[in-house]
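Convention: sequence-line order gives letters A, B, ...; per-chain numbering from 1.
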Amino acid sequence: MSEPTPEQQQDLSQVLEDRREKLERIRAAGIEPFPHEFSGREDIAEVRAAHQGLAAGAETDSRHRVAGRIVARRGHGRACFLDLRDGSGQIQLHAREDVLGQEAYELLVDLDLGDIVGAEGTAMATRRGGELSLAIDHWRLLAKSLRPPPDKFHGLEDTETRFRRRELDLIANEESRRTFRLRARTITEIRRRLDEQGYVEVETPVLQPLYGGALARPFTTHHNALDRDFYLRIATELYLKRLVVGGIDRVYELGKDFRNEGVSHKHNPEFTMLEWYEAYADYEKTAHDLEMLVADVAERVLGTTKVSRGETEIDFAPPWRRITLREAILERAGIDIAEHPTREALAQAMGTEPDPKEGWGKLVDGLLSREVEPGLIQPTFILDYPTELSPFAKAHRSTEGVVERWEAFAGGVEIANSFTELNDPDEQRRRFEQQAAEVARGDEEAQPFDEAFVEALEQGMPPTGGVGLGIDRLVMMFTGSQSLREVLLFPAMRS
RNA sequence: GCCCCUGUAGCUCAGCUGGUUAGAGCGGCGGCCUUUUAAGCCGCGCGGCGCGGGUUCGAGUCCCGCCGGGGGCACCA
C-alpha cells in the first residue's frame, strides 16, 4: 500500500468525522470519554457460566457488572440490544429507555460500534431465542473508538491488513482469537511439562559475540560503547551445553532465534524455539521424549492427538515412524547416498552439475528437502545425518560416516532436530576446522570457530541428548494453519 | 533476486469484448420500531477505482514503470 495522498487523507477524515463529532458531543455533555478504571467487573465467560441453561423468557435478579467492546447493535426504538465482548467471551445487553432514563438511553444509542463500555444489570434469557442477556440499568463509556471496526459479518479478510494490523484481525475474527489462545496454552503446557520433569529454565544471551549452534546466516548489530559487532543468536545450543557442563543436568530455554534468510509460509526471520538438553541421554531417548511431549501437549490443548490440516489428518500419537535418512532418500528418490560417497558421484547420480559451493552433505540435504520432506505428513523421525551437516553431533556408534542425529517432520515441515551431543573436545575442534573448509568453499552458513565452547567441552561434558523444537511450526500444525504467519501475531512483512 | 497472480467505498465484493454523472451488502447519517440477533422498514453514497506516465474522441477496464499483498522458485528451522 502506498502512502496516502493528501486527498486521501481528506477522504479518510470524512469517514471519521462522525466519530470525532460524537466524541465532542460526549465531552460537551460533561462526560469523560476516557475514564481511568471500571472496577468490580466479572469476565463475561463467568457470567455465562453462572447462567448456563437459563430457560427462554426467564428473568433473574442476579446482578452482574461487565465491560467490553460493543461489536453489534440492534435497535428497537425505545429499547435495543448490544453485543458486548471482552477477552473471555461475548454477551448480549438489553437496554430499555424506561429503565435507563431518556438521557442515558439516548447516549447509549448514540454509541458507535467499537466503543468500549461498562454495564451493570440482571441476567435474563430472551423469549424467542432464549439467549442469555443482561437487562442493564446502568452503563458507562470507558473508551471512545474513533475508527470504524471491520465488517461485523464478513470479518477482516485482507491478509495485508490482518497481519499488519493484527488488532483489527483479533477484533474481527474469532478464528484468530482462537489460534493465539491455543498458541499460548501450547507454550504453557510445554513449560509445565518440562518444569515437572525437573528441567531448569534459563535465559542465555540474545546478543552474542559469536553465533553458533545451527547452520544459518545471522543478523549483525553493533554495540556502540564497546565499539564492536554482535550477532543476534541463531540458536541457543552452545550456551545451553555450557550450562550442562556447569552441572545443570536438565536445562531448557524457550525464546526467539533470528536467522537472516528468506520469508515463506514456513520461515520467519525471528521465530520461537525451544531447546532442551538432558545429561546422560542420547538421541533415542530424546526422540521418545519429543513424541511423548507433543502428544501429551496436543491432548491437553486440543483434547486429541489428531489434527486436520487442509485435506489431511495428522496423528501425533506415539510412536512416530522412524527411518534413516539413507533409507528415506532411497525410498523417495531411488538414490542410495551410501553408494555415492563423493559430491561428484552423488551429483552424477542426481543428474545435476555439482555447484562448487555445495559439498556432498549439501547435496544430501537438498535431496532430503526436495524429495523427502514434502511427503512426510505423518510425524516421522529421519535418523542418522551426514557428519558434515552436523558439526555438533556425535558420530554414530555403529554406522560409518553419519552422526546420531534425527529431525522430526510433520505436515511436510521440519518441526524438531536433535542429536546425541558431541562431547569430545578434540573432535569438536576438528569439526570446527571442517566448517572452516566449508566457509572457504563459499558456504555462508558454516560455523565460525567458537573457542570458548571447545574449552567448555574440555572441562568435561557428560554424554547428553539435546532437542530443538520449532514452536511456531508446532502451533501451525496444532491449528491446521497453512502458513506460519497465521500463528505469528506480527509476522515479518516487507518495508 | 526471478516468475505468476493481485490492488475498486470503513469492511466484504460486483463491474461483459474500453463508452452516458462507478454499483451491492454490511457499516455510517436521518426517520420509524420496547425481547431482536447477518433484526426489520423508509430515505441519503459518504469512493473515482494502489501511485505515476502513456495509447485513445473516451480507461477500473489496454500498455509501461513503481509501490504493496499473495503464491511459486532459490535459501532455510
Side-chain angles (χ1 to χ4, degrees), chain A residues 1-5 7-8 10-19 21-22 56-57 59 71-83 90 92-100 105 110 112-114 124-131 133 135 147-164 168 171-172 213-217 234-235 257-273 275 355 357 362 365-366 369-370 373 407-409 413-417 443-445 468-474 476 482-485 493-495:
Chain A
M1 200 180 287
S2 52
E3 283 297 303
T5 62
E7 290 73 29
Q8 285 175 315
Q10 195 99 42
D11 294 336
L12 197 63
S13 70
Q14 281 180 353
V15 175
L16 304 180
E17 208 169 305
D18 289 333
R19 285 176 184 247
E21 282 175 7
K22 282 184 184 178
E59 291 181 10
V71 295
R73 177 177 50 219
R74 295 169 292 280
H76 288 270
R78 297 184 192 291
C80 70
F81 292 94
L82 301 167
D83 289 338
Q90 191 171 312
Q92 177 169 268
L93 304 181
H94 184 38
R96 295 165 46 150
E97 190 191 71
D98 58 358
V99 173
L100 290 170
Y105 183 76
D110 204 34
D112 289 311
L113 293 188
M124 55 168 274
T126 58
R127 285 174 207 156
R128 197 183 298 177
E131 174 152 348
S133 310
R147 288 181 181 273
D151 187 285
K152 69 176 179 179
F153 183 65
H154 293 98
L156 179 67
E157 297 186 5
D158 179 67
T159 50
E160 180 176 3
T161 311
R162 286 188 53 230
F163 297 154
R164 286 192 195 273
L168 293 182
I171 288 170
L215 304 179
R217 293 164 65 182
I234 58 173
D257 286 347
F258 306 83
R259 299 190 185 173
N260 205 340
E261 280 148 5
V263 176
S264 80
H265 68 105
K266 53 180 179 175
H267 298 272
N268 197 67
E270 58 180 291
F271 61 102
T272 302
M273 177 79 108
E275 288 193 36
D355 183 326
K357 285 186 181 178
K362 278 273 174 187
D365 196 37
S369 56
R370 275 194 304 278
E373 184 172 331
E407 290 185 317
F409 297 83
V413 173
E414 183 194 335
I415 59 170
N417 178 28
D443 186 345
E444 296 178 79
E445 290 163 0
L469 172 63
I471 298 299
D472 313 291
R473 288 181 172 184
L474 182 67
M476 186 168 130
Q482 297 295 333
S483 169
L484 209 58
R485 295 175 168 201
M493 305 285 276
R494 286 190 200 185
S495 82

State which of B:U35, B:A74, B:U12 makes the closest approach to the side chain of A:His94.
B:U35

Strand partner of B:G40, provided both Watson-Crick or wobble distances fall under 3.5 Å:
B:C32

Of the listed nucleotides B:U37, B:U12, B:U35, the one nearest the side chain of A:Glu131
B:U37

Any A:Arg128 side-chain N or O less than 4.0 Å from OP1/OP2 of B:U37:
yes

Counting the atoms with a prime plus P, OP1 and OP2 as sugar-phosphate, which does A:Ile415 contact under 4.0 Å by heavy atoms, base, sugar-phosphate, or nothing?
nothing

With P as the reference atom in both, quote the distance from B:C66 to B:G1 in angstrom, rounded to an integer.
11 Å

Would you say A:Arg259 places a side-chain N or O within less than 4.0 Å of OP1 or OP2 belonging to B:C75?
no

For B:C2, which nucleotide is its Watson-Crick or G-U wobble mate, given both distances must be under 3.5 Å?
B:G72

Say we look at B:G28 and B:U17: how far apart would their P atoms be, to the nearest angstrom?
36 Å

Residues which pass side-chain hydrogen bond (donor to acceptor under 3.5 Å, both in side chains) with A:Gln92, listed by chain and number, not counting sequence neighbours:
A:Arg74, A:Ser133

Roughly how far apart, to the nearest Å, are B:C3 and B:G27 at atom P?
44 Å

Examine B:G28: is either OP1 or OP2 under 4.0 Å from a nitrogen or oxygen in the side chain of A:Lys22? Give yes or no.
no

Spacing of the C1' atoms in B:G15 and B:G60 (rounded, Å):
8 Å

Pair partner, B:U17 [Watson-Crick or wobble, under 3.5 Å]:
none

Using a 4.0 Å heavy-atom cut-off across all strands, classify A:Gly129 as base, sugar-phosphate, or nothing.
base

Work out how far the C1' atom of B:G45 is from that of B:G7, and round it to whole angstrom.
22 Å

Would you say B:G27 has OP1 or OP2 under 4.0 Å from some side-chain N or O of A:Lys152?
yes

Side-chain atoms of A:His76 come closest, of B:C75, B:U36, B:G68, to B:U36

Pick base, sugar-phosphate or nothing for A:Asp83, based on heavy-atom distances below 4.0 Å to the nucleic acid.
nothing

Look at the side chain of A:Met124 and decide which nucleotide, out of B:G69, B:U12, B:U35, has an atom nearest to it.
B:U35

With A:Pro149 as partner, the option from A:Val71, A:Asp112, A:Leu113, A:Leu168 fulfilling side-chain contact (heavy atoms from CB on, under 4.5 Å) is A:Leu113

Under 4.0 Å, counting only non-hydrogen atoms across every strand here, what does A:Met273 touch: a base, just sugar-phosphate, or nothing?
nothing

B:G25 and B:A38, which share atom name C1', separated by this distance in whole Å:
10 Å

P atoms of B:G31 and B:A22, separation to the nearest Å:
29 Å

Name the closest nucleotide to the A:Arg164 side chain, picking from B:U35, B:G69, B:U34.
B:G69

Can you figure out which of B:U35, B:U37, B:G72 approaches the side chain of A:His265 most closely?
B:G72

OP1 or OP2 of B:U36 less than 4.0 angstrom from a side-chain nitrogen or oxygen of A:Arg74, does that happen here?
no

B:C29 phosphate, OP1 or OP2, under 4.0 Å from A:Arg19 side-chain N/O
no

Of the listed nucleotides (B:U34, B:U35, B:C75), which one gets closest to any side-chain atom of A:Arg127?
B:U35

Which of these nucleotides, B:G69, B:U36, B:G27, is closest to any side-chain atom of A:Leu113?
B:G27

Would you classify A:Glu59 as touching base, sugar-phosphate or nothing, given that sugar-phosphate means primed atoms plus P, OP1 and OP2, and contacts are heavy atoms under 4.0 Å?
base

Could you please name the option among B:U12, B:G28, B:C75 that lies closest to any side-chain atom of A:Asp158?
B:U12

Reckon A:Asn268 touches a base, only the sugar-phosphate, or nothing at all at heavy-atom distances under 4.0 Å?
base

Minimal heavy-atom distance between A:Met124 and A:Ala135, with the atoms involved, is SD-CB, 3.7 Å

Anything under 3.5 Å between a protein N or O and an N or O of nucleotides 22-25 of chain B, put it in a table, one pair a line.
{"unit_1": "B:G25", "atom_1": "N2", "unit_2": "A:Asp151", "atom_2": "OD2", "d": "3.1"}

Identify whether any heavy atom of A:Arg73 sits under 4.0 Å from a base atom; if not, whether one sits that close to sugar-phosphate; answer base, sugar-phosphate or nothing.
sugar-phosphate

My understanding is that only residues two or more places apart in sequence, or in another chain, count here; which of them pass side-chain hydrogen bond (donor to acceptor under 3.5 Å, both in side chains) with A:Asp151?
A:His154

Provide the distance between the two C1' atoms, one in B:G19 and one in B:A74, to the nearest whole Å.
46 Å

